[in-house]
Amino acid sequence: MEDEKQSIVLFPFMGQGHIIPFLALALQIEQVNTNYAIYFVNTPLNLKKLRSSLPSYSSIRFLEIPFSSSSHGLPPDSENFDTLPYHLILRLYQASASLQFKSSFKEAIQALTARCHGRPPLCIISDIFLGWTANVAKQLGVYHAIFSGTGGFGLACYVSLWLNLPHRNVVAHDFSLPDFKEGTVQLHKTQLPTNIAEADGEDDWSIFQRENLSAWVDSQSLLFNTVEEFDQIGLSYFRRKFPGLHVRPIGPLVLRLKTRDRIGNTTGVITRETILKWLDSKPSNSVLYVSFGSMNTISSSQMMQLAKALEASQKNFIWVVRPPIEVDINSEFNGKEWLPEGFEERNRATGRGLVVQNWAPQVEILSHRAVSAFLSHCGWNSVMESLGHGVPLMGWPLAGEQFFNAKYLEEEMGVCVEVGRGKKSEVNSEDVVKKMEEVMEEKKEIMRRNVEKVKETMEKAWEQRESFNGSSAKSFHDFLSDAQQNHQQTSDAKEWREMER
Ligand SMILES: *[C@@H]1O[C@H](CO)[C@@H](O)[C@H](O)[C@H]1NC(C)=O
Ligand SMILES: *[C@@H]1O[C@H](CO)[C@@H](O)[C@H](O)[C@H]1NC(C)=O
Ligand SMILES: *[C@@H]1O[C@H](CO)[C@@H](O)[C@H](O)[C@H]1NC(C)=O
């Protein structure tokens with residue numbers, strides 16, 4: 001019976017920040033329509049980890065493609081960029097592109113088709129960094145979409161930068177991005193991630209990005225984890241640049257509490273229960289939640305300044321501490337030596353703050369009434385979780401498109417104030433305190449109002465009352481119709497060929 005279902009193939013890039021929105025997408029598809037068999041494609045270790053974190057109600061299946069990290073010059077068992085030092089990350093990107101050459105991906109899809117009595121998948125939805133899959137899909141006559149776990153504006157800036165490297169042509173620190181309406185998107189050189197800042201067009205990062213981002217033209221649809229109503233500038237960038245693709249915002253796709261929490265793991269003495277009990281004891285709207293995500297971290301001097309600011313501000317806080325950039329990310333770490341003497345004990349004793357190591361149940365924290373603001377690296381999963389719970393942000397972007405997310409959230413949406421920028425900049429605790437005052441006191445009301453509006457928009461996006469009322473529900477419905485139509489045409493054509501033989 002199961003084989004009667006049409007299959008949808010999902011292929012995220014190998015990193016937690018990419019796997020999470022794909023998983024949210026998979027669960028959303030299952031919820032909207034149980035008539036699809038969903039297959040997650042990835043390398044063995046990523047699938048193993050994923051299997052153990054799936055909720056019991058999900059029937060997602062797995063397609064494994066073989067991968068040997070050591071034959072790509074990576075340490076053994078490195079299949080996920082979360083555990084790699086910066087200088088090896090490019091190698092994982094290049095290795096991922098090799099999955100097309102030995103036909104591993106193509107063979108996996110062909111094997112799946114054979115198991116389904118010769119019926120190919122309805123569609124392949126793959127990651128922004130796996131553009132080559134579009135060509136494979138084309139060869140197999142399967143409908144293809146790129147799914148971006150990040151929002152339209154952030155990705156638009158990122159793509160525009162990689163394809164044009166506009167900062168190379170200016171001496172000034174400010175410059176505007178091409179492909180947007182003249183002069184409307186201005187960036188400062190401090191807002192460039194390291195690999196873009198260093199790119200000269202001939203380096204390996206530039207080559208990878210130019211070739212692979214351009215490969216999107218073979219795809220048919222571009223899906224975004226965002227909402228049409230608040231991401232117009234970015235979405236229209238893609239509608240102009242890739243006129244052959246349907247650009248479809250289908251967010252918010254956010255993992256529900258249990259699943260997200262099972263992916264992480266709290267180590268040390270502070271458990272999930274301790275955190276929630278602590279929050280229960282605090283007044284509403286009084287706690288600052290600080291976390292730089294599962295992959296990013298700041299420098300030791302920045303950590304010190306932030307710690308000083310948290311104490312000087314007299315605000316309640318929960319801080320998820322990870323090793324500073326100077327420390328090997330895989331080493332044993334107990335935050336103490338990088339924080340002011342006695343910081344953790346002092347704040348725990350006074351009840352003012354909790355220092356949590358490595359990971360905290362973020363969704364549960366953000367949905368707690370005691371939380372007032374979120375100091376975040378502005379990775380898009382964190383942004384969606386924060387906005388979806390009506391929590392304004394303090395932005396401290398560190399890598400990738402986070403700089404542009406923070407800019408957009410602040411300048412266009414009015415739900416964020418930037419407090420820091422990058423892993424190397426000078427940060428002064430007094431400035432940080434001022435920003436805390438701004439977000440948690442002076443601008444509190446207006447930011448709350450702005451974020452409430454965004455939250456409502458997000459809640460309505462997937463509404464499906466009598467019809468597909470919400471913009472994302474409609475967008476997703478249109479996407480599936482296109483895929484069905486393509487599927488029908490391909491199988492009609494195949495029948496014709498068979499009849500003619
Ligand atoms: C993606 O980049 C890699 C490494 O630079 C390259 O080998 C591969 O051919 C590129 N893929 C496409 C579709 O151009
Ligand atoms: C969580 O961490 C503990 C201690 O490091 C470990 O024993 C346990 O297996 C981990 N649980 C999961 C689900 O990863
Ligand atoms: C949803 O759409 C249907 C059909 O277009 C319409 O009749 C109904 O009023 C809409 N509901 C809301 C809440 O907008």
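Treat the numbers as computed from the prediction; the structure is a model and nothing was measured. Read the numbers this way: they start at 1 and go in the same order the structure lists the ligands and their atoms.
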Mutual orientation of the aromatic rings belonging to F180 and Y237 [parallel < 30°, tilted 30-60°, perpendicular > 60°]: parallel
Using the benzene-type ring in the case of Trp, are the ring centres of H188 and F175 under 6.0 Å apart? no
Counting the benzene-type ring for Trp, do F224 and F147 have ring centres under 6.0 Å apart? no
Interatomic distance, CG@D179 vs NZ@K241, rounded to 0.5 Å, equals 3.5 Å
Which pairs pass side-chain hydrogen bond (donor to acceptor under 3.5 Å, both in side chains) with one or both residues in residues 403-419, sequence neighbours excluded? E401-N405, K407-E411, E418-R421
Please check if the distance between the ring centroids of Y39 and F62 is under 6.0 Å. no
Sorted by chain and number, the residues that approach ligand 1 to under 4.0 Å with a heavy atom: A97, Q100, F101, W132, F208, E211, N212, A215
